[in-house]
Amino acid sequence: MNIGIVGTGLVGGTLARQLARAGHKVFISFSKTPGKLKAIVDEMGVNVVETTPEEAVSFSEVIILSVHFLSMNDAIRQMGDTKGKILIDTSNQYDIKLPAGVTAASEVIKRLPEIKLVKAFNTHRYSDLLLKAFHDPLFIMPYSGDNAEAIGKTAAIINSIGFEAFYVGTLKEVYKQEMHGVLYGKNITSAEAIELLNQ
């Protein structure tokens with residue numbers, strides 16, 4: 001699959017490496033650290049290409065947006081036309097204060113109302129993305145979304161890098177995997193996740 005990553009911090013950079021190892025073609029963009037994109041390309045080889053955010057969006061079936069909220073508006077301005085695109089949002093509300101009942105995912109939709117949004121890769125630290133992959137039994141990676149095509153492709157991406165895709169529900173249920181949610185920050189199996197959700 002062609003996957004564009006906008007934001008190559010700890011989570012975005014880790015995902016770029018894992019996805020390339022899994023055989024995906026990865027288009028990386030938007031780093032505030034000079035030389036970081038080139039370093040990832042040099043490390044991973046032909047499966048990773050350095051691009052602009054607009055090119056990453058244009059070239060890819062799925063976009064992963066992995067930036068802090070303080071940088072999000074800048075990143076979005078550089079992404080160009082995102083209408084109808086599948087976008088996986090990894091963000092958490094670390095640097096934005098939200099009213100009670102408002103999710104980080106809803107803030108992304110507010111900025112990009114015409115995307116097919118899926119929330120994923122926000123529940124684990126970047127080190128867990130590396131160290132907990134392909135655990136036996138597999139740990140889950142929670143994801144939430146409304147669009148069938150988008151959630152199907154997200155599940156395939158999650159499974160390809162050594163986690164069990166665990167569908168939490170529609171974006172109305174996304175709070176369960178965001179900060180302070182029952183599935184946030186946990187390395188657990190699907191059976192353990194179901195038990196938590198049923199409590």
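Side chains included, hydrogens not; waters and symmetry mates left out as well; all remaining heavy atoms used. Index from 1, following the sequence.
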| message | Nearest 0.5 angstrom please: Phe163 CZ to Phe121 CZ, how far? | response | 8.5 Å
| remark: Here the gap from Thr123 atom OG1 to Lys176 atom NZ, rounded to the nearest 0.5 Å, amounts to 15.0 Å
| said: Donor-acceptor pair, distance only, cut-off 3.5 Å: does the side chain of Glu61 make one with the backbone of Asn2? | reply: yes
| field | Residue list, ring-ring contact (aromatic ring centres under 6.0 Å, His included) with Tyr143, at least two apart or on another chain | value | Tyr167
| note | Only residue of His124, His135, Lys132 satisfying side chain to side chain donor-acceptor pair (under 3.5 Å) with Asn187 is His124
| task | For the residue pair Lys32 and Ser71, confirm or rule out a side-chain donor-acceptor distance under 3.5 Å. | result | yes
| task | For residues Ile76 and Val67, determine if any side-chain heavy atom of one lies less than 4.5 Å from a side-chain heavy atom of the other. | result | no
| request: Find out whether Asp89 and Val118 are in side-chain contact, i.e. whether some heavy atom of one side chain is under 4.5 Å from a heavy atom of the other. | output: no
| task | Indicate yes or no: at least one non-hydrogen side-chain atom of Ile86 is less than 4.5 angstrom from one of Ile63. | result | no
| said: Assess the residue pair Leu117 and Val108 against the criterion (side-chain contact (heavy atoms from CB on, under 4.5 Å)); give the C-alpha distance rounded to whole Å, side-chain angles, the decisive distance to 0.1 Å, and a yes or no. | reply: CA-CA 8 Å; Leu117 181 69; Val108 177; 4.1 Å; yes
| field | Approximate separation, where rounding is to 0.5 Å, of Asp146 CG and Leu171 CG | value | 4.0 Å
| note | Contacts of Phe59 meeting ring-ring contact (aromatic ring centres under 6.0 Å, His included) (sequence neighbours excluded), chain-then-number -> Phe27
| field | Side-chain (Thr103) to main-chain (Ser106) donor-acceptor, under 3.5 angstrom | value | yes
| said: Check whether Ser58 reaches the backbone of Glu54 with its side chain - one donor and one acceptor, N or O, closer than 3.5 Å. | reply: no
| query | Roughly how far, to the nearest 0.5 Å, is the OH atom of Tyr175 from the OG atom of Ser144? | reply | 10.0 Å
| task | May I ask you to test the Ile157-Ile3 pair for a side-chain heavy-atom distance under 4.5 Å? | result | yes
| query | So do Lys85 and Lys116 actually touch side chain to side chain, heavy atoms under 4.5 Å? | reply | no
| Heavy-atom check, side chain of Phe69 versus side chain of Ser91, under 4.5 Å | yes
| query | Are the side chains of Asn92 and Tyr184 in touch, meaning some heavy atoms are under 4.5 Å apart? | reply | yes
| field | Carboxylate-amine/guanidinium proximity below 4.0 Å for Glu50 and Lys38 | value | no
| message | Any heavy-atom pair between the side chains of Val168 and Val174 that's under 4.5 Å? | response | no
| query | Passes side-chain hydrogen bond (donor to acceptor under 3.5 Å, both in side chains), His24 versus Ser160? Steps please. | reply | CA-CA 9 Å; His24 299 284; Ser160 74; 2.9 Å; yes
| task | Among Leu87, Thr52, Ile115, find the residue that satisfies the side chain to side chain contact (heavy atoms under 4.5 Å, CB included) test when tested with Met79. | result | Leu87
| query | Of the options Leu19, Asn47, Ile64, which is the one that meets Val26 in a side chain to side chain contact (heavy atoms under 4.5 Å, CB included)? | reply | Leu19
| query | Out of curiosity, does Leu98 fall in the hydrophobic cluster containing Met72 (side-chain heavy atoms, cut-off under 4.5 Å, transitive links)? | reply | yes
| field | Worked check of side-chain contact (heavy atoms from CB on, under 4.5 Å) between Gln78 and Phe30 | value | CA-CA 9 Å; Gln78 297 182 43; Phe30 197 76; 3.5 Å; yes
| Are Gln177 and Asn122 close enough, and set up right, to give a side-chain hydrogen bond (donor to acceptor under 3.5 Å, both in side chains), and what steps lead you there? | CA-CA 8 Å; Gln177 72 181 84; Asn122 71 297; 2.9 Å; yes
| request: Could you walk me through whether Thr90 and Lys119 pass the side-chain hydrogen bond (donor to acceptor under 3.5 Å, both in side chains) test, one step at a time? | output: CA-CA 6 Å; Thr90 76; Lys119 186 79 171 195; over 6 Å; no
| field | side-chain contact (heavy atoms from CB on, under 4.5 Å) evaluation trace for Met141 with Leu129 | value | CA-CA 9 Å; Met141 183 62 66; Leu129 290 173; 3.5 Å; yes
| Interatomic spacing from CG in Leu138 to CZ in Phe166 - rounded to 0.5 Å | 13.5 Å
Report all side-chain donor-acceptor pairs from residues 190-199 shorter than 3.5 Å, counting only partners two or more places apart or in another chain.
from	atom 1	to	atom 2	distance (Å)
Glu192	OE1	Thr189	N	2.8
Glu192	OE1	Thr189	OG1	3.3
Asn198	ND2	Ile194	O	3.2

